[in-house]
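Only heavy atoms go into these numbers, but all of them, side chains included; no hydrogens, no water, no symmetry mates.
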Amino acid sequence: MKIRNNNVMMAALGLALAFSASSCSIFKPSSNAEGSGKGLQGWVESEKEEAKKDAKAAKAEAAKEAKATKSEAEKAMAKVDKKLHQIADEEKNGALSGDWAIENVLGKKAVGETAPFIKFVPNENRIYGNNGCNILNGQYLSSTADKTISFSNLATTMMLCGQNNITDTEIGEALGLTVRYTIEDGKDSESILRFYDAGGREVMELMHRDFHFLDGTWAVIAIDGEKVNIEGMKVALDVDEKKMHGNTGCNIINGELETDMDAANSISFSKIGMTRMACPNSGWETRMTMALEEAVTAQKVSADEIEFIGSNGKQVMLLKKSSPIEE
């Protein structure tokens, strides 16, 4: 029995040793070289190092993406900045737009059978006008940065001029010499445009004449200072087409609109014709046509009002922006 008990004890001891050996293998050392053979502590340190490497890589990737995003943003802003500069240039170039009366050319007063002028069309880089005898047209290029300008492909009609000593030839010569320009404010807030040759000599002086504020349909609200209360009394004006169309409140009225480059806002109405319906307010109708015939200048009163002035300097008609004329 004693021998048997010893055998049992030996068996138990072997099982205990086996269990102890197997339990020590639960925490395996890290496969990482640094952690190998260091047990649990080595595994923890190895994982910390891996985490640091991952964090560093993620930070580098984030920095790379941020740099790329910044680059894209800078490119986008550069495009916006370029567009804003283009818009600013277009606005500045727009200062050349419209009609300019030629006042002086090559040291002489500009003289013509008709008032010489140039009209700029910036979106087409084109000019057209009149040299005092013949119609002229051509192309131009300008830069607001250094105020340079040049004219090309200039051409005119070939009508014979009946008046002597006009400056049509000088106008063509001056445009061919022009390389630079300036714009400044003149009296009555009118802009003055000057052209210069390569030597800095002034070769042409022009005065801005913009009549396009007249374009549109206008209700007649006063004639000779007296308020008008006639529904439908309107005038529609088209400066480029040189047309006047209107309604007296009863009859249709048509005519021609002329602008004069010799003086600011100078206008005249001619060839006025009217239908002949019998109207209850024929007195006002007559006064309306007379006022149009008497008008010699037009000017803004406010953003939506204009007035026609007679040769005596007094208002002959006051008009307010209105809806289109109904036939």
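Side-chain atoms of Val228 and Met288, non-hydrogen and from C-beta on, never get closer than 4.5 Å to each other. When side chains are defined from C-beta on, Leu257 counts as touching Val239, because their heavy atoms get closer than 4.5 Å. Using a 4.5 Å heavy-atom cutoff, the side chains of Leu136 and Ile127 are in contact. Residues Thr275 and Thr248 fail the side-chain proximity criterion, which asks for heavy atoms closer than 4.5 Å. Looking only at side-chain heavy atoms (C-beta outward), Leu193 and Ile118 stay at 4.5 Å or farther from each other. Side-chain contact check for Thr259 versus Arg209: every heavy-atom pair is 4.5 Å or farther apart. Within the 4.5 Å cutoff, no side-chain heavy atoms of Arg180 are placed close to those of Asp146. Looking at heavy atoms from C-beta onward, Ile272 lies in side-chain contact with Met244 at the 4.5 angstrom threshold.
A perpendicular orientation is assigned to the rings of Phe120 and Phe195, their planes being inclined by more than 60° (bins at 30° and 60°). Between Tyr140 and Phe151, the ring-plane angle classifies as tilted under the 30° and 60° cut-offs.
For Glu61, the salt bridge (charged side-chain N to carboxylate O under 4.0 Å, His left out) test picks out no residue, with sequence neighbours left out. Under the rule for a ring pair (Phe, Tyr, Trp, His ring centres under 6.0 Å), the partners of Phe269 that lie at least two apart in sequence or sit in another chain are Phe308. Every residue was checked against the salt bridge (charged side-chain N to carboxylate O under 4.0 Å, His left out) condition with Glu241, not counting sequence neighbours, and none meets it. Every residue meeting the side-chain contact (heavy atoms from CB on, under 4.5 Å) condition with Asn104, not counting sequence neighbours, appears here in chain and number order: Lys109, Glu205. Residues that satisfy the salt bridge (charged side-chain N to carboxylate O under 4.0 Å, His left out) test with Lys56, not counting sequence neighbours, are absent from this structure. With sequence neighbours left out, Glu226 forms a side chain to side chain donor-acceptor pair (under 3.5 Å) with Arg287. Under the ring pair (Phe, Tyr, Trp, His ring centres under 6.0 Å) criterion, Phe117 pairs with no residue, sequence neighbours left out. Tyr196 pairs by the ring pair (Phe, Tyr, Trp, His ring centres under 6.0 Å) definition with nothing, not counting sequence neighbours. Remark: Glu256 pairs with Lys271 by the salt bridge (charged side-chain N to carboxylate O under 4.0 Å, His left out) rule, at least two apart or across chains. Ser323 meets the side chain to side chain donor-acceptor pair (under 3.5 Å) test with Lys234; sequence neighbours excluded.
The cationic group of Lys321 lies under 6.0 Å from the six-membered ring centre of Trp218 and within 45° of the ring axis, placing it in a cation-pi geometry.
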Q: Might you work through the side-chain hydrogen bond (donor to acceptor under 3.5 Å, both in side chains) test for Gln299 and Asn265, ending with a clear yes or no?
A: CA-CA 7 Å; Gln299 60 189 31; Asn265 301 336; 5.3 Å; no
| message | side-chain hydrogen bond (donor to acceptor under 3.5 Å, both in side chains) for Asp240 and His212? Distances and angles first, verdict last. | response | CA-CA 8 Å; Asp240 287 336; His212 287 92; 2.9 Å; yes
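The heavy-atom pair separating Phe213 from Lys300 by the smallest distance is CB-CE, 3.3 Å. The shortest heavy-atom contact between Leu96 and Ser142 is CD1-OG, 3.9 Å. Minimum interatomic distance between Val203 and Ala174 (heavy atoms only, all atoms of both residues): O-CB, 3.6 Å. When all heavy atoms are compared, the tightest approach of Cys133 to Leu160 is SG-C, 4.2 Å. Shown here for Glu113 and Gln163, the closest heavy-atom pair between the two residues is OE2-N, 2.6 Å. Contact detail for Ile183 and Ser191: the closest heavy-atom pair is CG2-CB, 4.1 Å.
Between Arg194 and Glu103 no salt bridge is recorded (no basic side-chain N to carboxylate O distance below 4.0 Å).
The environment of Glu231 atom CD is sparse: at most 12 non-hydrogen atoms of other residues, nucleotides or ligands sit within 6.0 angstrom. The number of heavy atoms from other shown groups lying within 6.0 Å of CE (Met274) is above 12.
Here OG of Ser322 is found 13.0 Å from CE of Met233. Values are rounded to the nearest 0.5 Å.
Taking Ile, Leu, Val, Met, Phe, Trp and Tyr as hydrophobic and joining them when side-chain heavy atoms fall under 4.5 Å apart, one finds Ile135 isolated, its cluster having no other members. Residue Leu318 is found in a hydrophobic cluster whose other members, listed by chain and number, are Ile221, Val301; membership requires side-chain heavy atoms under 4.5 Å apart, directly or through intermediates.
In this structure, the side chain of Asn251 engages the main chain of Met277 through a donor-acceptor pair within 3.5 Å. Under a 3.5 Å cut-off, the side chain of Thr148 and the backbone N or O of Val179 do not form any donor-acceptor pair. Proximity of a side-chain donor or acceptor of His245 to a complementary backbone N or O of Ile252 within less than 3.5 Å is not detected. For Asp168 (side chain) and Gly112 (main-chain N/O), no donor-acceptor pair under 3.5 Å exists by modelled atom type.
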